[in-house]
Amino acid sequence: MGGSRHIKSFEAPAFWPILRKDYKWTVKTSPGPHPISRSVPLLIVVRDFMKLAETSSEARKIIVEGNIKIDGKVRKDYKFPVGIMDVIEVVKLREYFRVVPVPTKFLGLLPIPEDESSFKLCRIENKTTVKGGHIQLNLHDGRNVLVRVSDPRNPVEDIYDTLGTVKLSLRDGKIEEYYPMTEGSVAIIIGGKNVGRVAKILKIYEGMRHYRKQIRLIDFKGNEFFTTLDKVFVLGSDKPVIKVPEGAI
């Protein structure tokens with residue numbers, strides 16, 4: 001039972017809302033767009049987050065019948081890893097949710113209107129130059145986006161920097177907007193003791209390795225705090241372009 005499909009409940013990430021004392025084993029995520037440390041298996045999302053089922057078998061039936069879409073695609077693998085900024089659709093109910101960071105729990109589901117389910121925010125983890133001098137953006141959810149340049153010696157189309165955020169259309173995968181990681185941008189904290197807070201970036205300090213640079217922010221109540229770049233996810237240039245949890249602003 002504790003083979004590759006399962007892990008011991010006490011070894012699962014702390015933010016999984018499972019009954020650890022009642023069950024020795026729980027489902028394990030498949031390899032996919034998010035690592036196990038930052039994702040939740042689809043079965044647990046359906047059963048424990050959404051409360052659409054009471055048992056694992058009921059949740060698996062809902063999933064295998066094609067009732068759940070992730071980022072616009074039907075997912076029938078109950079172990080599929082669901083992570084930050086994923087858009088979930090319950091097909092028959094026409095209900096939509098975005099996975100967002102929430103205080104203390106790390107991940108939560110936020111109901112969103114249908115028109116907001118057509119796009120997703122993705123953080124640029126790194127970028128590479130590929131054949132022909134084009135630029136490939138490698139995003140936080142495992143997907144890659146190609147930015148074509150007309151002249152590799154003067155790539156004016158490459159306006160993108162690491163840790164900036166792109167707004168992707170889930171219909172065609174094209175970039176609709178770009179929000180840089182820069183002073184004045186609005187971001188949500190995705191890790192550490194400030195997880196789930198939405199704030200404006202005041203200053204990015206130099207001197208450390210890129211992902212570990214110190215950053216100072218101010219929330220919308222006027223409280224300043226510090227974190228590091230790796231824990232920051234830009235939501236917009238001056239205000240969030242997505243719905244955020246109540247109380248986050």
Side-chain angles (χ1 to χ4, degrees), residues 1-122 139-143 168-173 190 196 242-246:
M1 175 125 182
S4 61
R5 292 182 302 166
H6 297 81
I7 57 173
K8 289 184 177 180
S9 293
F10 73 86
E11 294 177 346
F15 58 88
W16 290 15
I18 56 177
L19 300 174
R20 299 168 199 274
K21 293 182 179 180
D22 293 0
Y23 300 101
K24 182 177 180 180
W25 299 97
T26 190
V27 64
K28 180 182 180 181
T29 54
S30 300
H34 303 279
I36 186 173
S37 62
R38 304 185 72 83
S39 63
V40 185
L42 183 53
L43 183 147
I44 291 177
V45 171
V46 169
R47 184 191 64 194
D48 301 285
F49 280 86
M50 293 182 166
K51 308 293 185 184
L52 295 177
E54 293 185 356
T55 66
S56 294
S57 59
E58 289 174 358
R60 288 173 67 171
K61 185 173 186 292
I62 289 171
I63 294 165
V64 78
E65 288 179 350
N67 292 305
I68 306 295
K69 289 183 179 182
I70 308 293
D71 292 344
K73 295 182 179 179
V74 171
R75 296 293 181 181
K76 296 185 178 182
D77 177 8
Y78 68 92
K79 299 173 291 181
F80 184 82
V82 180
I84 287 176
M85 297 298 165
D86 284 354
V87 175
I88 304 173
E89 177 184 349
V90 184
V91 178
K92 290 184 178 179
L93 299 179
R94 293 185 66 85
E95 293 181 347
Y96 306 88
F97 303 84
R98 193 182 302 279
V99 182
V100 294
V102 293
T104 68
K105 296 180 182 179
F106 179 60
L107 288 183
L109 298 188
L110 184 66
I112 59 173
E114 183 177 0
D115 61 349
E116 196 180 305
S117 70
S118 66
F119 69 87
K120 179 180 185 179
L121 299 184
C122 292
L139 308 180
H140 84 280
D141 64 351
R143 74 182 75 206
L168 286 185
S169 166
L170 292 178
R171 295 189 178 95
D172 56 20
I190 62 173
I242 61 170
K243 183 179 178 182
V244 296
E246 187 175 349

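All values reported here derive from a predicted model rather than from experimental measurement. Only heavy atoms go into these numbers, but all of them, side chains included; no hydrogens, no water, no symmetry mates.
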To the closest 0.5 Å, what do you measure between OG (S57) and CG (L43)? 9.0 Å
Can you measure from CD1 (I84) to SG (C122) and round to the nearest 0.5 angstrom? 11.5 Å
Distance (rounded to the nearest 0.5 Å) between I242 CD1 and L110 CG: 8.0 Å
For residues L42 and D77, determine if any side-chain heavy atom of one lies less than 4.5 Å from a side-chain heavy atom of the other. no
Beyond-backbone contact of S118 with R171, side-chain heavy atoms, under 4.5 angstrom: yes
Please examine the side chains of R98 and K243, heavy atoms only from C-beta on, and report whether any two atoms are closer than 4.5 Å. no
Gap separating the CG atom of L107 from the CD1 atom of I44, nearest 0.5 angstrom: 11.5 Å
Of all heavy-atom pairs between G108 and V102, which one has the smallest distance, and what is that distance? N-CG2, 3.8 Å
For a 4.5 angstrom cut-off between non-hydrogen side-chain atoms, does V90 reach I68? yes
Residue pair R47, T55: steps toward the side chain to side chain contact (heavy atoms under 4.5 Å, CB included) verdict: CA-CA 7 Å; R47 184 191 64 194; T55 66; 5.7 Å; no
What's the verdict on side chain to side chain contact (heavy atoms under 4.5 Å, CB included) for L109 and V99, showing C-alpha distance, side-chain angles and the deciding distance? CA-CA 5 Å; L109 298 188; V99 182; 3.7 Å; yes
If you count every heavy atom of other residues, nucleotides or ligands that lies below 6.0 Å from K61 atom NZ, does the total exceed 12? no
Quick one: CD1 on I62 to NZ on K76, what's the gap to the nearest 0.5 Å? 14.5 Å
Looking only at heavy atoms, what is the nearest atom pair of P33 and F80, with distance? CG-CZ, 3.8 Å
Does V100 reach the side chain of V244, with side-chain heavy atoms less than 4.5 Å apart? no
Could you check whether any side-chain heavy atom of D141 comes within less than 4.5 Å of a side-chain heavy atom of M85, counting everything from C-beta outward? no
For the residue pair F119 and S169, establish whether any side-chain heavy-atom pair is separated by less than 4.5 Å. no
Evaluate the side-chain proximity of R75 to V82: yes if any heavy-atom separation is below 4.5 Å, no if none is. no
Partners passing side-chain hydrogen bond (donor to acceptor under 3.5 Å, both in side chains) against H34 (at least two apart in sequence or in another chain): D86
Residues P81 and S39: closest non-hydrogen pair is CB-OG, 3.6 Å
Looking at CD of E65 and NZ of K92, how far apart are the two atoms once the value is rounded to the nearest 0.5 Å? 6.0 Å
For a side chain to side chain contact (heavy atoms under 4.5 Å, CB included) check, start with the C-alpha distance between L168 and D71, then their side-chain angles and the critical distance, and finish with the verdict. CA-CA 10 Å; L168 286 185; D71 292 344; over 6 Å; no
